[in-house]
Number of protein chains: 2
Amino acid sequence: MSIDEAWDILLKYDYKRTRNREILLQFFDQADRYVTAMEVRVAVEQDNPGISFDTIYRNLAMFSKLGILDETELNGERLFRMQCATDHHHHHFICTTCGGTKSIPICPMDSVTVNLSEYEIEGHKFEIYGRCPNCIAG
Amino acid sequence: MSIDEAWDILLKYDYKRTRNREILLQFFDQADRYVTAMEVRVAVEQDNPGISFDTIYRNLAMFSKLGILDETELNGERLFRMQCATDHHHHHFICTTCGGTKSIPICPMDSVTVNLSEYEIEGHKFEIYGRCPNCIAG
DNA sequence: CCTTTAATTCGGAATCATTCCGATTACTTT
DNA sequence: AAAGTAATCGGAATGATTCCGAATTAAAGG
């Protein structure tokens with residue numbers, strides 16, 4: 001998702017265009033991988049020293065709820081990244097070293113044969129963890 | 001996994017047979033679903049009022065590392081359950097209301113067609129979330 | 001059974017990420 | 001430019017988890 005598409009969503013929901021949100025979006029746009037909340041904090045403090053933790057966490061949570069960010073968890077750490085374009089549902093390999101991702105175009109839900117008709121399905125998660133070629137080399 | 005199988009593992013690694021560990025294992029054995037750390041605390045305090053948080057968390061972490069417990073995360077909460085018998089690799093539907101599970105016998109790794117030969121795969125996760133028939137009925 | 005030794009537990013303090021809150025600042029609209 | 005409301009700030013509060021030194025307990029050997 002581009003920064004512009006993110007702003008489209010934010011403005012549609014009457015969120016205001018603020019400097020902190022622009023900094024956050026630009027950071028996620030160029031990062032293009034999963035980053036920890038701590039990495040976000042360190043990075044945005046470059047652009048706005050004195051930004052409040054509250055502001056960071058509040059916006060991360062809101063972006064995540066609006067689908068602008070993707071949130072996951074690895075070894076007890078929260079990770080965030082810009083949501084992929086939403087046109088093709090897919091999943092990810094996630095590098096446990098750098099947070100980089102690789103698309104896995106299949107969705108296991110298509111292969112589930114168990115009868116879940118009496119269950120209300122709210123969501124699912126499929127992720128592969130490991131090390132990417134770059135991090136193996138490095 | 002049964003309580004006896006859990007003790008086999010613990011004793012094999014020279015962990016001692018203590019009352020607190022027995023209480024924990026019995027609780028997970030009868031719970032047979034994902035429970036939060038808080039639920040564990042409340043439950044084991046019935047059997048041993050005054051048990052230290054340290055003891056609970058230390059053993060949960062150790063059980064999890066030894067493969068006696070399965071650990072996952074939902075809405076920022078850590079969930080634990082007794083590990084299934086390890087003979088057939090499979091995944092789970094998890095009820096977001098009660099933590100109950102239903103086995104999903106397929107593994108999406110079998111269907112992954114993307115070439116990951118240059119990647120080191122460390123693990124994967126596939127979970128389906130929703131509400132089970134019991135919890136839907138209310 | 002008694003002793004020894006090391007693992008385990010206890011209790012409470014410390015840590016760490018995250019959230020809350022009241023006061024201030026900054027968008028957006030008019 | 002002024003008003004109104006959302007957003008931010010700064011720092012305190014929260015809550016889960018971990019750490020630590022002292023006390024207890026399980027296992028092994030005599």
Side-chain angles (χ1 to χ4, degrees), chain A residues 3-4 6-27 34-66 68-69 71-80 99, chain B residues 3-4 6-27 34-66 68-69 71-80 99:
Chain A
I3 296 176
D4 285 347
W7 276 123
D8 286 346
I9 295 172
L10 289 170
L11 297 176
K12 179 173 124 194
Y13 287 102
D14 289 327
Y15 289 104
K16 295 189 173 169
R17 188 183 287 272
T18 67
R19 173 168 172 235
N20 286 330
R21 288 177 182 152
E22 179 67 23
I23 290 172
L24 282 167
L25 291 176
Q26 282 184 11
F27 168 66
Y34 277 106
V35 291
T36 63
M38 179 59 73
E39 284 179 90
V40 176
R41 278 163 48 174
V42 170
V44 301
E45 276 167 0
Q46 305 296 312
D47 289 328
N48 181 7
I51 187 172
S52 169
F53 291 164
D54 186 52
T55 299
I56 296 172
Y57 286 112
R58 183 166 25 77
N59 282 299
L60 286 178
M62 185 263 286
F63 288 0
S64 182
K65 183 180 292 187
L66 292 181
I68 292 168
L69 295 182
E71 188 174 354
T72 191
E73 182 271 338
L74 199 52
N75 297 128
E77 274 189 326
R78 294 167 76 186
L79 299 177
F80 299 88
Chain B
I3 296 177
D4 284 348
W7 276 123
D8 285 348
I9 295 172
L10 289 171
L11 297 176
K12 179 173 122 195
Y13 287 102
D14 289 329
Y15 289 104
K16 296 187 173 170
R17 188 183 289 270
T18 67
R19 173 167 171 236
N20 286 329
R21 288 177 183 152
E22 178 68 22
I23 291 172
L24 282 167
L25 291 176
Q26 283 185 11
F27 169 67
Y34 277 107
V35 290
T36 63
M38 180 59 74
E39 284 179 271
V40 176
R41 279 162 47 173
V42 170
V44 300
E45 277 167 0
Q46 305 296 311
D47 289 328
N48 181 6
I51 186 172
S52 168
F53 290 164
D54 187 51
T55 299
I56 296 172
Y57 286 112
R58 183 167 24 77
N59 283 300
L60 286 178
M62 184 262 287
F63 287 0
S64 182
K65 184 180 291 187
L66 291 181
I68 292 169
L69 295 182
E71 189 173 352
T72 191
E73 182 271 336
L74 198 53
N75 298 128
E77 275 189 324
R78 294 167 75 186
L79 299 178
F80 300 87

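Below, each value reflects all heavy atoms present in this structure, side chains not excepted, and no hydrogens, waters or symmetry copies.
Here the P atom of nucleotide D/dA6 and the CG atom of A/Asp14 are 9 Å apart, to the nearest Å. Distance, A/Met62 CE to D/dT8 C1': 12 Å, rounded to whole Å. When rounded to the nearest whole Å, the span between CD1 of A/Ile51 and C1' of C/dA26 equals 14 Å. One atom, CG of A/Leu79, and another, P of C/dA17, lie 14 Å apart when rounded to the nearest Å. Summarising the geometry, the separation between OH on A/Tyr15 and P on C/dC27 is reported as 18 Å, rounded to the nearest angstrom. The distance from atom CZ of B/Arg19 to atom C1' of D/dT25 is 12 Å, rounded to the nearest whole Å. C/dA26 atom C1' lies 16 Å from atom CD of A/Glu22, rounded to whole Å. A straight line from CG of B/Asp54 to C1' of D/dC20 spans 9 Å, rounded to a whole angstrom.
Of the candidates D/dA7, C/dT8, C/dA17, C/dT8 carries the atom nearest the B/Arg58 side chain, counting heavy atoms from C-beta on. Between C/dT18, C/dT8, D/dA6, one nucleotide has an atom nearer to the side chain of B/Arg21 than all others, and that is C/dT8. Distances were taken from every side-chain heavy atom of B/Lys16 (C-beta onward) to each of C/dA6, C/dG11, D/dA6; the shortest belongs to C/dA6. When distances run from any side-chain atom of B/Tyr57 to the nucleotides D/dT17, D/dC9, C/dC27, the shortest one goes to D/dT17.
Once rounded to the nearest 0.5 Å, the distance linking CG of A/Asn75 with CD of B/Glu73 reads 12.0 Å. To the nearest 0.5 Å, atom OG1 of residue A/Thr55 and atom CZ of residue A/Phe53 are 11.0 Å apart. To the nearest 0.5 Å, atoms CZ (A/Arg41) and CD1 (A/Ile51) are separated by 11.0 Å. Here B/Leu24 contributes atom CG and B/Ile3 contributes atom CD1; the two are 11.0 Å apart, rounded to the nearest 0.5 Å. Note that CG of A/Asn59 and CG of A/Asn20 are 7.0 Å apart. Values are rounded to the nearest 0.5 Å. Between atom CE of residue A/Met38 and atom CD1 of residue A/Ile56 there is a gap of 9.5 Å, rounded to the nearest 0.5 Å.
Dashed line: the shortest gap from a side-chain N or O of B/Asn59 to OP1 or OP2 of C/dT9 is under 4.0 Å. Residue A/Arg78 places no side-chain N or O under 4.0 Å from the OP1 or OP2 atom of C/dA17. Residue A/Thr18 places no side-chain N or O under 4.0 Å from the OP1 or OP2 atom of D/dA7. Dashed line: the shortest gap from a side-chain N or O of A/Asn20 to OP1 or OP2 of D/dC9 is under 4.0 Å.
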Could you walk me through whether A/Ser64 and A/Glu71 pass the side-chain hydrogen bond (donor to acceptor under 3.5 Å, both in side chains) test, one step at a time?
CA-CA 7 Å; A/Ser64 182; A/Glu71 188 174 354; 2.8 Å; yes

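Note on the helix from C/dC1-D/dG30 to C/dT30-D/dA1: terminal axis deviation equals 40°, with five pairs used at each end and the result rounded to 10°.
Among the heavy atoms of the strands lying under 4.0 Å from A/Arg17 are primed sugar atoms or P, OP1, OP2 only; no base atom is included.
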